[in-house]
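One structure is given below, encoded as C-alpha cells.
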Amino acid sequence: MTTRISVKNAETGSSVEMELEAENTVEEIIESAASYWEVSPGAYVLRRGKAVLRGQSTIVEAKIREGDVVELIPDPEGG
Amino acid sequence: MGESIDTDFLERDRHERMRRIPWIDLDAVRTARVLVVGAGALGNEVVKDMVLAGFAGISLVDMDHVARSNLTRCVFFREQDSERRRLKAEVVAERAMELDPAVKITPYTDRIQDMPEDFIPSHSMILGCLDNVATRLHLNAHCYNEGIPYIDGAMDGLIGKVQVVLPPETACLQCGMNKTHSKIMELRFSCTGEDVTFYEPKVAAEITTTSIVSAVQVREALKIVSGRAEAVLSNVFYYDGLRNVSETLEVSKNPDCPHHGGQ
C-alpha cells in the first residue's frame, strides 16, 4: 500500500510527487527531495501546515496521508 | 517661597520611556545576568538591543577575531578592528558599554565548550548567536539540564528563526533536528570569510534579517526576565524575508530526544 503525497520546495516554489511506503520516514522524504532538487548543503525540515514533522517518524507516525502537501524548508544555522 | 517642580527629571532617567511599558520589569532587566554566546552579526545586534533595552549584566563569549567581511553587518566593528585582528567579544563589549556606561559587559575569548563547568549555570538566561549546530546543541543540553531559558537565533540570507527553550515545558533544539543537521554538525555557517572552514559558501548573514531575528530574541528575553512566561514564544518564530512571511511553527517534544526521555 503506497501513499502519494506532494512535496513543495519552499525556496523555489516547485513541487514533486512522491510515492511512499508505510515504513518510510520523514528524514527519507527530506533526503529524497533535497537530492532531487540538488538543494544547497545545509539543514532542512519538513513541515505540514504549522507543524514541523519529526525526522525519525515513519509516515504512519507522522500521520501523513494520501494527497497531503508537505513543504521542505531550510533550517538556518548561521549567526 | 513655594515648592518648585523639576521639569528635567524625566530627561535624567535614561530608561524613563522603557518604564512606561507596563509589562517590562526594568529592575529585573537591570539585575539579570545574561550570557550571550557569539559576537558575530547576530551577537552585535543582540548586545546592542540588550544594552538599549536596559540589560546591565552581560557575559559575551566568542573566540573569533574581526574580519573585513563582518563590517557590513556588525554595528560595533570598524575597519581598524579587522586590520588589527581584534577579538570580536572584546570589541563588542568595549563599544556596547559606550552606549551605557552603567552596563557591565564581560568578554570571554575562549570556546564556550572550554569554559569552566560552573560558567553557564552562573547565568539566568542564555542567548545563542551561533553559526554551527554542534555549539547550539552544547548550549541546549546545558540549559536544559540546568533549567536555564535558552533563546536561539539563526539565519541564512533572508531566512531567519528564533527558538525559545524553556526547560522543562517546551521542546528543545534537539527535538527538531534530523539527519541533515547531523551532516553539518561541526560545520560553521559564518560570515567571517576565509578564516573559518566552509562546507559550501553560504550567505550566512544579511543585516535586515539579522536585525529582525536579534530583535525577536531580545524581546523574548525581556518577557522572560519580566516574568511574562505566558507571553513567551513557545515554538519557533520563522521568518522568510523574500516572501515577506513570518509565522510560528510548532516543534513538539521528541520522546527519543535525550532531554525528554519518558515524557
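Within every chain, numbering begins at 1; the chains are lettered A, B, ... in the order of the sequence lines, protein sequences first and strands thereafter.
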Problem set entry | Output field: ring centroids B:His260/B:Tyr144 closer than 6.0 Å |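 That pair passes the under 6.0 Å test.
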
Would you call [X] and [Y] a salt bridge, using N to O less than 4.0 angstrom?
X: A:Glu77; Y: B:Arg136; answer: yes
X: B:Arg95; Y: B:Asp81; answer: yes
X: A:Arg47; Y: B:Glu247; answer: yes

For this session: Check the surroundings of atom CZ in A:Arg65: do more than 12 heavy atoms from other residues, nucleotides or ligands lie under 6.0 Å from it?
Result: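 Open.
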
For this session: Check whether B:Ser214 gets within reach of chain A through its side chain, its backbone, both or neither, counting any heavy atom under 4.5 Å.
Result: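 Neither; nothing under 4.5 Å.
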
Problem set entry | Polar side-chain atom of B:Gln217 near backbone of B:Ile151 as donor-acceptor pair, under 3.5 Å |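 Confirmed, B:Gln217 side chain pairs with B:Ile151 backbone.
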
Exercise. Where along residues 21-38 of chain A does a heavy atom come under 4.5 Å of chain B, listed by residue number?
Worked result: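 Under the 4.5 Å heavy-atom cut-off, A:Glu27, A:Ile30, A:Glu31 qualify.
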
Exercise. Relative to chain B, which segment of A:Ile73 carries a heavy atom at a distance below 4.5 Å: side chain, backbone, both, or neither?
Worked result: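 Both backbone and side chain.
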
Problem set entry | Residue among A:Gly55, A:Gly49, A:Pro74 with most heavy-atom pairs under 4.5 Å to chain B |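 That would be A:Pro74.
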
For this session: Measure the acute angle between the ring planes of B:Phe237 and B:Tyr239, then classify it against the limits of 30° and 60° as parallel, tilted or perpendicular.
Result: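 Rings of B:Phe237 and B:Tyr239: parallel, under 30°.
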
